[in-house]
Amino acid sequence: MQLATWNVNSLKVRLPQVLAWLAQNPVDALCLQELKLDHDKFPLQAFKEIGYHASWAGQKTYNGVAVISRAQGLNETRNIPGYDDPQQRVIATTLPFGQESIRVISAYCPNGQSLDSDKYVYKLDWFKAFAQWLKVEKQTHRHIAVLGDYNVAPKDEDVHNPEKWVGQVLVSDPERAALAALVDLGFTDAFRLFEQPPKSFSWWDYRMNSFKRNAGVRIDHVLLSESLVPHCQSCIIDKGPRGNEQPSDHTPVIATLSF
DNA sequence: ATGGCGCTGCATCAGCGA
């Protein structure tokens, strides 16, 4: 089974690229973030035509998440239950995993803007609520994969130029602690299960030729419950789509699991 | 130190992203 995540920065603009990518990479589930689409504008038909189902949570202009899947999902959950938030940042669905099932969650964690911003306070608060909910999810689901844009680079090795990022969002100690708190619930960063090329990133700024210079950060992650770790065969970043014409600023991360 | 790029919308610029 293959699971992938991709922040597409507008599904309306990126739909042809997503469809083309799925044709080349027929993964079992693709988690999308930043749809930037009103819920009713989701292009379900386009995915149906290529043999996929979808669960999504959309809103006008900002945010929005989806799980595109080969199988029909069950027990869909939108956003963090009990956490009152108009921003659509979470969609969860349960998919078949061999004879068992797997809870697949697509998450778009807040950016935070800057360390002195209200949005930074919201980011840390959101992570706390997300962790509380994941703790509950872990009690009801054995296999859980949480894929998405976490907007946190876990370590300095995940940042092209750590010195320049000091004091900025994505790398601050409280953000890294918030991500670590999720991991400590019993998850593993699938990417780091394997030897990886140095300077592996999943996001590059549109400006300053960042992609050409590989001046990126690794903020898109696949977290696997410990039950899934022995099943994980690989986890790779597909840099291809970042080189497309009119690309998203993020590129897909793909994990392969065996039953 | 600033802006740079791209997307959105009661738009012709501002808010936001990371």
Side-chain angles (χ1 to χ4, degrees), chain A residues 5-18 21 31-43 56-66 85-90 106-127 130 147-179 191 199-221 237 239 241-253:
Chain A
T5 182
W6 191 5
N7 178 325
V8 290
N9 184 20
S10 171
L11 184 56
K12 184 181 165 190
V13 172
R14 233 66 67 190
L15 181 62
Q17 293 181 42
V18 173
W21 189 83
C31 296
L32 300 175
Q33 300 86 36
E34 282 206 88
L35 307 182
K36 295 187 171 181
L37 279 178
D38 206 28
H39 192 76
D40 299 336
K41 300 270 170 59
F42 186 84
W56 72 96
Q59 68 178 95
K60 204 173 175 182
T61 314
Y62 299 121
N63 308 306
V65 284
D85 188 354
Q87 302 188 31
Q88 302 298 310
R89 295 184 175 278
V90 173
S106 178
Y108 175 45
C109 307
N111 169 273
Q113 197 164 62
S114 64
L115 301 199
D116 59 0
S117 167
D118 290 346
K119 297 191 180 74
Y120 183 77
V121 177
Y122 163 68
K123 179 175 192 173
L124 295 179
D125 191 59
W126 188 94
F127 265 93
F130 192 46
L147 298 90
D149 176 1
Y150 286 78
N151 269 314
V152 178
K155 293 184 177 171
D156 279 354
E157 65 182 320
D158 302 307
V159 181
H160 77 283
N161 192 345
E163 312 80 52
K164 281 204 171 168
W165 279 81
V166 172
Q168 302 202 54
V169 286
L170 313 191
V171 303
S172 73
D173 287 342
E175 290 166 88
R176 284 176 168 172
L179 177 58
F191 192 72
K199 304 281 182 189
S200 287
F201 306 124
S202 65
W203 175 87
W204 298 262
D205 200 309
Y206 283 121
R207 297 164 290 190
M208 300 173 293
N209 279 317
S210 297
F211 184 56
K212 244 178 212 170
R213 298 186 295 116
N214 195 31
V217 290
R218 190 176 71 91
I219 54 176
D220 300 271
H221 309 302
I237 293 173
K239 285 178 75 168
R242 186 61 180 79
N244 287 351
E245 287 290 318
Q246 204 177 12
S248 168
D249 42 1
H250 296 252
T251 212
V253 184

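Chain identifiers are assigned alphabetically (A, B, ...) following the order of the sequence lines, protein sequences preceding nucleic acid strands; residue numbering begins at 1 within each chain. Note: hydrogens, waters and symmetry copies are ignored here, and every other heavy atom, side chains too, is used. Note that this is a predicted model, so its numbers are computed, not measured.
Between B:dC7 and A:Arg14, a contact under 4.0 Å exists linking OP1 or OP2 to a side-chain N or O. The shortest distance between the side-chain N/O atoms of A:Asn7 and the OP1/OP2 oxygens of B:dA18 is below 4.0 Å. OP1 or OP2 of B:dA18 lies within a sub-4.0 Å distance of a side-chain N or O belonging to A:Tyr108. Residue A:Asn151 places at least one side-chain N or O closer than 4.0 Å to OP1 or OP2 of B:dA18. Within the 4.0 Å cut-off from OP1 or OP2 of B:dT8, at least one side-chain nitrogen or oxygen of A:Ser10 is found.
Out of B:dG4, B:dC7, B:dA18, the shortest distance to the side chain of A:Met208 is found at B:dG4. Distance from the side chain of A:Gln246 is smallest to B:dC7 among B:dC7, B:dC16, B:dG9. When distances run from any side-chain atom of A:His250 to the nucleotides B:dA18, B:dG17, B:dC7, the shortest one goes to B:dA18. Distance from the side chain of A:Arg89 is smallest for B:dG17 among the nucleotides B:dC7, B:dG17, B:dA18.
Per the geometry, OH belonging to A:Tyr122 stands 13 Å off P belonging to B:dC16, to the nearest Å. Summarising the geometry, the separation between CZ on A:Arg242 and C1' on B:dG6 is reported as 10 Å, rounded to the nearest angstrom. Nucleotide B:dG17 holds its P atom 6 Å from the NZ atom of A:Lys119, rounded to whole Å. In this structure, CZ of A:Arg207 is placed 14 Å from P of B:dT2, rounded to the nearest angstrom.
Between A:Lys239 and A:Asn214, the shortest heavy-atom distance links the atoms NZ-OD1, 3.7 Å.
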What's touching nucleotides 10-13 of chain B from the protein side, N or O pairs under 3.5 Å?
unit_1, atom_1, unit_2, atom_2, d
B:dC10, OP2, A:Lys60, NZ, 3.4

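Proximity of a side-chain donor or acceptor of A:Gln33 to a complementary backbone N or O of A:Asn7 within less than 3.5 Å is detected.
Residues A:Ile237 and A:Arg218 form a side-chain contact, since some pair of their non-hydrogen atoms from C-beta on lies under 4.5 Å apart. A heavy-atom distance below 4.5 Å is found between the side chains of A:Leu115 and A:Glu175.
Take A:Asp173 and apply the side chain to side chain donor-acceptor pair (under 3.5 Å) test, not counting sequence neighbours, and it matches no residue. Applying the side chain to side chain donor-acceptor pair (under 3.5 Å) rule to A:Asn209 yields no partners; only residues at least two apart in sequence or on another chain are considered.
The pair A:Asp156-A:Arg176 meets the salt-bridge criterion, since a charged nitrogen lies less than 4.0 angstrom from a carboxylate oxygen.
A:Asn111 comes within 4.0 angstrom of a base, heavy atoms only. A:Val13 comes within 4.0 angstrom of sugar-phosphate atoms only, judged by non-hydrogen atoms across all strands, and of no base.
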